[in-house]
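Here is the structure we will look at.
For the numbers below, each heavy atom of this structure counts, side chains included, while hydrogens, waters and symmetry mates do not.
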Amino acid sequence: LPILGACRIRQAVRALYINIKKRDMRTSKDSTFADSSRGRILTVVFIVATLQGVKSCVRERLQKNYGFDAALREVIVDVGHCVANSEDLELDNITRQTELLNSTLCAPKCVPNQYALKDYANRTGPFRVDVVSACAPSTAHCGSCKRIRQDTVLLPGSPYEKTIDQGTCGGKCDETGESCEPVTHEFLSFEDPNGAVLVRKVEKCGCVDRCYREDYFVSYWEELAAENETERAPVVQSVREKVINVGRCRGGCSGVFLPDRCFPSPSTCFLRIPGGQAVCAPATSTVYSFTGVGGVPLSVASIASCSCMAA
């Protein structure tokens, strides 16, 4: 669609709506046409909702105080935020038609589509802040849970400036209580004046409970024993990298409270453990055993699932 002024959009859509209504009234006995006319009106509503989203998504200033710098000056950062303007297209009856499409119409949301990672410093030392640099209307939340591109400009305005797709998650989940969250990350390396810096990037998204397991990989050296071809030759030791997905629990258990418990059992209560707010913690695990450098036996526990439970 071409970009039109707000006044021209109002005039064009209002004229289209009135024209459809007049034709509908002249042929009200023809139910087939009435149905198709209603469909066209609802199509207009969808176009209007889309135009409203495109027209009204803007970045606004949002200042945040980070204390004082070494010269005792306030460190105030404009972190920014996205705002959907309240201006509408004044379409009277058309606006009310959107209620008929609540189950199918998915209007765009005004969200950040680019961040900037900037350097600042206060009296406690240097720090970095993710700042919203651009906003745009998005319908990513309308479909199923998926990874969404989200660019981040690292150290803008410096010789080390670099843009990466850091990613985020968005979309709907079928199960009640589930949300679309990152389940797998990877780390990207970039250079700054102090050396290499790691930045976390969302690699995969999924529908998870509010307390869920996230992939987390840890690397170890594993020692392998292999004999030479001759029996009298000494054993040759070789080492290889062993990567284990140990996982970690993410999310929270807000509103989940546990009752008092008895140890060792409810029938034989030697010790009453008071209940309280549950925490997101490992529920089941798997243990991996292998030989480390120098023949030292190692065992690493990997989280298999997470659940809301006692701390």
Next on the checklist: Surrounding OH of Tyr288 (heavy atoms of other residues, nucleotides or ligands, distance under 6.0 Å), is the total greater than 12?
Outcome noted: no
Next on the checklist: I'd like to know if the side chain of Glu223 and the backbone of Gly294 have a donor-acceptor N/O pair within less than 3.5 Å.
Outcome noted: yes
Next on the checklist: Applying salt bridge (Lys or Arg N to Asp or Glu O under 4.0 Å), can you list everything that pairs with Asp78, at least two apart in sequence or on another chain?
Outcome noted: Arg59, Arg61
Next on the checklist: More than 12 heavy atoms of other residues, nucleotides or ligands under 6.0 Å from NZ of Lys204: yes or no?
Outcome noted: no
Next on the checklist: List the residues meeting side chain to side chain donor-acceptor pair (under 3.5 Å) with Glu214, not counting sequence neighbours, and say none if there are none.
Outcome noted: His185, Arg248
Next on the checklist: One thing to verify: whether Arg149 and Asp151 come together as a salt bridge, which I'm taking to mean a side-chain N less than 4.0 angstrom from a carboxylate O.
Outcome noted: yes
Item to check | Nearest heavy-atom neighbours spanning Asp165 and Gln150 | outcome: OD1-N, 3.0 Å
Checklist entry - Would the SG atoms of Cys207 and Cys145 measure under 2.5 Å apart? => result no
Next on the checklist: We want to know whether Asn122 and Arg73 form a side-chain donor-acceptor pair, criterion being a heavy-atom distance below 3.5 angstrom.
Outcome noted: no
Item to check | Whether over 12 other heavy atoms sit under 6.0 Å from Lys162 NZ | outcome: no
Checklist entry - Are more than 12 heavy atoms from other residues, nucleotides or ligands located less than 6.0 Å from atom NZ of Lys201? => result yes
Next on the checklist: Ring centroids only, cut at 6.0 angstrom: are Tyr66 and Tyr120 within range, meaning strictly under it?
Outcome noted: no
Checklist entry - Cys82 and Cys110: sulfurs closer than 2.5 Å? => result no
Next on the checklist: Quick one about Gln166 and Thr152 (side-chain donor to acceptor, distance below 3.5 Å, no hydrogens or angles considered), yes or no?
Outcome noted: yes
Next on the checklist: Whether the Ser299 and Ser289 side chains hold a donor-acceptor pair (N or O, under 3.5 Å, no angle test) is what I'd like checked.
Outcome noted: no
Checklist entry - Under 2.5 Å between the SG atoms of Cys253 and Cys280? => result no
Item to check | N/O donor-acceptor pair under 3.5 Å between Asp260 side chain and Gly275 backbone | outcome: yes
Next on the checklist: Between Glu241 and Ser219, do the side chains contain a donor N or O and an acceptor N or O under 3.5 Å apart?
Outcome noted: yes
Next on the checklist: If we count only N and O atoms by modelled type, under 3.5 Å, do the side chains of Thr184 and Asp215 hold a donor and an acceptor together?
Outcome noted: yes
Checklist entry - Just wondering, are more than 12 heavy atoms of other shown residues or ligands nearer than 6.0 Å to CZ in Phe217? => result yes
Checklist entry - Does a salt bridge link Asp192 with Arg128, judged by any charged N lying under 4.0 Å from a carboxylate O? => result yes
Item to check | Heavy-atom pair of closest approach, residues Glu181 and Ser179 | outcome: OE2-OG, 3.1 Å
Next on the checklist: Can a donor-acceptor pair be found, under 3.5 Å and without considering hydrogens, that links the side chain of Asp209 to the backbone of Cys211?
Outcome noted: no
Checklist entry - For Leu155 and Phe190, which heavy atoms make the closest approach, and how far apart are they? => result CD1-CE1, 4.0 Å
Checklist entry - Is the SG of Cys169 found under 2.5 Å away from the SG of Cys180? => result no
Item to check | Polar contact flag, side-chain donor to acceptor under 3.5 angstrom, Asn65-Glu74 | outcome: yes
